[in-house]
Amino acid sequence: MSLEQWTKVDDYFNGLLAPSDPALDAALEHSESAGLPPHQVAPNQGKLLHLLARIQGARTILEIGTLGGYSTIWLARALPEGGRLVSLEADPRCAEVARENVERAGLGKVVEIRTGKALESLPRLAEEGGGPFDVVFIDADKPGNPDYLAWALRLTRPGSLIIGDNVVRDGEVADPASTDPRVQGVRRFTELIAEEPRLTATAVQTVGEKGYDGFALALVTG
């Protein structure tokens with residue numbers, strides 16, 4: 001099987017189950033025109049995040065890594081009236097574009113985008129009494145994943161859901177000898193999840209228009 005075939009299948013399912021949407025399409029176009037890297041989730045993956053948040057009954061969501069706000073819009077649309085989403089973005093340009101995309105989608109009053117390194121924003125969020133969050137979506141720099149997991153545990157409660165994106169790394173995650181810091185960050189992240197008695201988790205490999213990757217899903221149980 002090839003990327004061409006995977007993309008063709010994604011197009012089929014997206015056309016039926018995650019069809020073109022003006023606000024989401026505009027977010028992609030604006031992000032591209034602003035020169036942001038095309039690292040956002042695919043439409044069917046965005047729809048999966050949306051469904052997971054709805055199944056969870058989430059009223060509060062924390063996103064670590066905003067990029068252009070594409071996944072932010074998917075997640076925020078899952079919230080009920082009065083819900084809120086806090087998204088953390090290190091790059092000021094990405095945060096600016098994301099705010100514009102979120103405003104255009106009519107979600108400016110639901111979403112708060114904080115600019116700055118996540119490991120500086122997360123302690124402030126905790127000090128302010130932020131959380132507990134019902135869903136935490138981790139999609140930032142992979143070497144930071146172990147630290148993001150530690151903060152996610154501090155900012156959640158039993159019953160919360162933690163989602164880690166891009167954990168397969170084209171299959172390199174299975175190579176203990178990899179010198180790629182992103183791979184090592186994901187490996188340590190997964191090991192910490194496995195060692196943590198307060199979590200029960202799994203990981204799923206995916207193929208599609210974004211290539212070969214996958215995500216981890218962890219439920220906070222205690």
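Computed from a predicted model, the values in this text were never measured in an experiment. The analysis underlying the following values was restricted to heavy atoms, covering all of them including side chains, and did not include hydrogens, waters or symmetry mates.
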Open item on the list: Does Arg84 form a side-chain contact (heavy atoms from CB on, under 4.5 Å) with Val86? I'd like the steps, not just the answer.
Closed with: CA-CA 7 Å; Arg84 72 181 183 111; Val86 178; 3.3 Å; yes
I need the [X] [atom1] to [Y] [atom2] distance, nearest 0.5 Å.
| X | Y | atom1 | atom2 | result |
| --- | --- | --- | --- | --- |
| Leu149 | Leu199 | CG | CG | 6.5 Å |
| Leu79 | Thr60 | CG | OG1 | 8.0 Å |
| Asp165 | Leu217 | CG | CG | 11.5 Å |

Can [X] and [Y] be counted as having a side-chain donor-acceptor contact under 3.5 angstrom?
| X | Y | result |
| --- | --- | --- |
| Ser31 | Gln40 | no |
| Ser160 | Asp134 | no |
| Glu89 | Thr115 | no |

Under 4.5 Å between side-chain heavy atoms, counting indirect links through other Ile/Leu/Val/Met/Phe/Trp/Tyr residues: same cluster for [X] and [Y] or not?
| X | Y | value |
| --- | --- | --- |
| Phe215 | Leu161 | yes |
| Leu88 | Leu153 | yes |
| Val110 | Val135 | yes |
| Ile162 | Leu219 | no |
| Leu52 | Trp74 | yes |

Open item on the list: Working note: Glu63 + Ser87, criterion side chain to side chain donor-acceptor pair (under 3.5 Å); need CA distance, chi angles, decisive distance, verdict.
Closed with: CA-CA 4 Å; Glu63 180 181 50; Ser87 189; 2.6 Å; yes
Any donor-acceptor N/O pair, [X] side chain to [Y] backbone, under 3.5 Å:
| X | Y | value |
| --- | --- | --- |
| Gln45 | Ala42 | yes |
| Glu196 | Arg198 | yes |
| Arg187 | Val173 | yes |

Open item on the list: Quick test of your reading of the model: are Glu191 and Arg188 salt-bridged, counting only N-O distances below 4.0 Å?
Closed with: yes
